Protein chains: 2
Amino acid sequence: MKASSGSGRVTLTDVARRAGVSHATASRALNGSARNVRSEYRDRVLAAAAELGYVANTAAQAVARGRGEHLALLVNGINDDYFSPIASAVLRAAEADDRMVTMISSRNSPQQATRVVSSLRAQRPRAVILAGGRSVTTGVWDRRLSDELGAYQDEGGRVVAISEEGLPFDTVAVGNRAAGFDLASELADLGYREFTVLAGPPDARTAYDRVQGFRAALAERGLAVPESRVIHCDFDRDGGYAAAGEYLRRRNPAQLVFAISDTVAVGAIARFREAALDLPGDVAVAGIDDVPALRDVSPALTTVRLPWSEVGRAALDLAVEQTGTEPRVIRMRGHVVLRESTPPAGPAPD
Amino acid sequence: MKASSGSGRVTLTDVARRAGVSHATASRALNGSARNVRSEYRDRVLAAAAELGYVANTAAQAVARGRGEHLALLVNGINDDYFSPIASAVLRAAEADDRMVTMISSRNSPQQATRVVSSLRAQRPRAVILAGGRSVTTGVWDRRLSDELGAYQDEGGRVVAISEEGLPFDTVAVGNRAAGFDLASELADLGYREFTVLAGPPDARTAYDRVQGFRAALAERGLAVPESRVIHCDFDRDGGYAAAGEYLRRRNPAQLVFAISDTVAVGAIARFREAALDLPGDVAVAGIDDVPALRDVSPALTTVRLPWSEVGRAALDLAVEQTGTEPRVIRMRGHVVLRESTPPAGPAPD
DNA sequence: TTGTAGGCGTTATCAC
DNA sequence: GTGATAACGCCTACAA
């Protein structure tokens, strides 16, 4: 039944020989596109392959076809605590499609990124997906990286960017600006008027867009966030913790603290709790992302759920679909989830 | 400088031609092992490669050499909320080594797993790492999967298993039993005497080992967990939530609820909070894993930190090191982290 | 040290 | 439909 007996690998030639046909026929029966093989032969080949435990060599296929079938996923760092929801969404979509994905991290560095894309290029994947997202600073997209990706495209590869708009590639845009906008709208509707923003790094596009959207919605209502109430910080839990400390230090309390992400919000909450603040009594808190691992924080966090699964799905479709056309951009929008951390507020602050 | 000009891919032959040497020399200068190439030629080749933007085709290399340089990582599912700490540890180690990793999920199913290993085999990676871990049921390791992995080994590939002991491969064992043992020891020292165990699935090896260790430590002290206080559940947050509900229903309160993982513990805590229990006043809670995203739950969770980074490192070393010897096994042990959720307890329960 | 030639496992082009 | 035969891009004896 299973002949893992011999120590060597089984090749197509072996299968062909055993089936009494040529390599060509065996190839066609097993992996070929045109299904022009007499069923008798086809069966013999399939049987032989099964008996020998034959497994096609994708590397050889890749060199013969000029390109592999797998996808490459470029993330910009692998944290211990959370895995980029974007990356895991892409992985899940790929799983559903039975696609292999090779992951590689750019280590948050443009220099490394070009090196890394170069070695991605070496793999000749069908497409590379840029799962940039949260911590990507605008600076990462320097000239060389673009060149490298351009070269890859020239070679016939597809590039799909997630959440990084403005790149000359197919892109799936998550509505970062919209997320901020919708959140601010709902909060204003709840009666909030005075906000402090934990704004993330000044050069992080994602963070910037979220803050922009937030402010735009407020502006429509004649509200605003003065610069004195914008606190920049790292795009993670500790950044939120530190920023919350700064907030306390400034002694300029707001009704609500808007953190550009749930992780930042959680750090802030931890800090507030240390300061014995009552949440949401003393201050309300809201984030963006709706990270599942944080469902059980208390108070339950108001946030904006981003449609990561759909984003992953869309990215995969873009990566696989054969379109020689212009860069396409798919736009997605999250939705606000109101929870305990932002109860309805009185019409005016103290 | 950079000639991404032409739309075709640049091959070794192109580089050789431009440098005025043979394929062979170019190959040796760029990727070869023996450094037997006159420095003048070498420089010319390197220059030509740079000018042309040459990137070696790993697929072709893999065909020629018989095996690729990348690693394959088999996980058993990709969750939205957290990414297996094992997988991310392996990824980080690979990143440090500049190794590419192709990820694939077995989808928690033995049938799928064999299929999946088969397609892994097709990629001819240098090694495949089994990042099984938490949700692997013993049943997953059925005959066919082993056969498939065996065949892969026969072909010259290396297999490294993480946290799944007893397999005929190199393995990095995390001390699951030890984790349970150490935790129970510390808790007993704190004065706890009566425990309920949220034990995870009956057929999950990891969970089983943790419970075993827990009981063993208690036994040494003349303590025990009666079967009536063992509650099986899914190995995730919702499992913990449900199990905690069952605990409440049984009206058989214990001093401490031991959940076989932090995620389970968090679900339980959520349920307890809904029931308006005071934690840790009414009941203490402890878990295992020390998942970073859960650092800020309240009360802060007593747990066992497992050395995932070291595990990942070790797995990578095993995967890369050339040892034709017997299956090696590296054993690692975590350490207990006592926090608010398990304050010192009085010597006797009520 | 360098180049020539053959081979790695598949696919693709053509005659048959 | 099927089977030689030539790519595919690279590596590696082997010979020079």
Side-chain angles (χ1 to χ4, degrees), chain A residues 6 8-45 48-49 52-70 119 121-126 155-157, chain B residues 6 8-45 48-49 52-70 119 121-126 155-157:
Chain A
R9 45 279 267 173
V10 182
T11 92
L12 190 57
T13 310
D14 298 329
V15 176
R17 182 159 34 223
R18 191 183 227 279
V21 299
S22 66
H23 332 252
T25 303
S27 171
R28 290 191 271 254
L30 289 170
N31 322 308
S33 42
R35 44 159 47 252
N36 39 353
V37 125
R38 202 196 316 179
S39 63
E40 182 195 336
Y41 280 1
R42 154 177 243 85
D43 293 346
R44 280 215 323 247
V45 170
L52 262 31
Y54 168 75
V55 174
N57 182 330
T58 56
Q61 291 180 314
V63 46
R65 297 204 258 244
R67 183 158 298 287
E69 278 309 311
H70 65 285
S119 58
R121 196 140 81 86
Q123 298 251 66
R124 265 58 172 189
R126 169 144 315 305
E155 294 167 350
Chain B
R9 42 280 267 174
V10 181
T11 98
L12 189 58
T13 312
D14 300 328
V15 176
R17 183 160 32 224
R18 190 183 228 279
V21 299
S22 67
H23 329 258
T25 303
S27 170
R28 290 190 271 254
L30 289 170
N31 321 308
S33 41
R35 46 157 47 255
N36 38 352
V37 94
R38 205 197 316 179
S39 62
E40 182 195 336
Y41 281 0
R42 153 176 244 85
D43 293 346
R44 269 187 12 217
V45 170
L52 263 32
Y54 168 76
V55 174
N57 182 329
T58 57
Q61 293 184 149
V63 175
R65 296 205 258 246
R67 181 157 301 285
E69 279 307 315
H70 66 284
S119 56
R121 197 140 80 87
Q123 300 251 64
R124 264 64 172 186
R126 169 144 315 304
E155 294 167 351

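Being a predicted model, the structure only gives us computed values, none of them experimental. Proteins come first, then strands; the chains are lettered A, B, ... in the order of their sequence lines, and each starts at number 1.
- Listed by residue number, Val21(A), Ser22(A), Ala24(A), Thr25(A) are the residues of residues 15-25 of chain A with a heavy-atom contact under 4.0 Å to DNA chain D.
- When heavy atoms are screened at a 4.0 angstrom cut-off, Ala62(B) is found touching no nucleic acid atom at all.
- When rounded to the nearest whole Å, the span between CG of Leu30(B) and P of dG9(D) equals 16 Å.
- When rounded to the nearest whole Å, the span between CD of Gln61(A) and C1' of dG9(D) equals 16 Å.
- To the nearest angstrom, C1' of dC10(D) lies 14 Å from CD of Glu69(B).
- Protein atom CD of Glu155(A) is 13 Å distant from nucleotide atom C1' of dG9(D), rounded to whole Å.
- A donor-acceptor contact under 3.5 angstrom links the side-chain atoms of Arg28(B) to the base of dG3(C).
- At whole-Å resolution of the value, CG in Leu12(A) and P in dT10(C) are 5 Å apart.
- Distance check: Arg124(A) CZ to Arg65(A) CZ gives 16.0 Å after rounding to the nearest 0.5 Å.
- Proximity of Ser27(B) to the phosphate of dC11(D): a side-chain N or O atom is located under 4.0 Å from OP1 or OP2.
- Backbone-only engagement by Ala56(A) is indicated by non-hydrogen atom pairs under 4.0 Å involving sugar-phosphate atoms exclusively.
- For Arg126(A) (side chain) and Gly157(A) (main-chain N/O), no donor-acceptor pair under 3.5 Å exists by modelled atom type.
- Applying the 4.0 Å criterion to OP1 and OP2 of dT11(C), one finds that Asn31(A) has a side-chain N or O inside that range.
- In terms of position along DNA chain C, the nucleotide closest to Ser39(B) lies nearer the 5' end than the nucleotide closest to the other residue of the pair Ser39(B) and Ala60(B).
- Applying the 4.0 Å criterion to OP1 and OP2 of dC11(D), one finds that Arg65(B) has a side-chain N or O inside that range.
- Using modelled atom types, no side-chain atom of Asp43(A) and backbone atom of Glu40(A) make a donor-acceptor pair closer than 3.5 Å.
- In this structure, the side chain of Arg9(B) does not engage the main chain of Gly156(A) through any donor-acceptor pair within 3.5 Å.
- Atom CZ of Arg9(B) and atom P of dA7(D) are 17 Å apart (whole Å).
- Nearest to the side chain of Asn57(B), among dC8(C), dT10(C), dC10(D), sits dC10(D).
- As a whole-Å value, the separation of Arg44(B) CZ from dT1(C) C1' is 14 Å.
- Among dG9(C), dT2(C), dG9(D), the nucleotide with an atom closest to any side-chain atom of Arg38(B) is dT2(C).
- Counting to the nearest Å, the C1' atom of dG9(C) and the OH atom of Tyr54(A) are 7 Å from each other.
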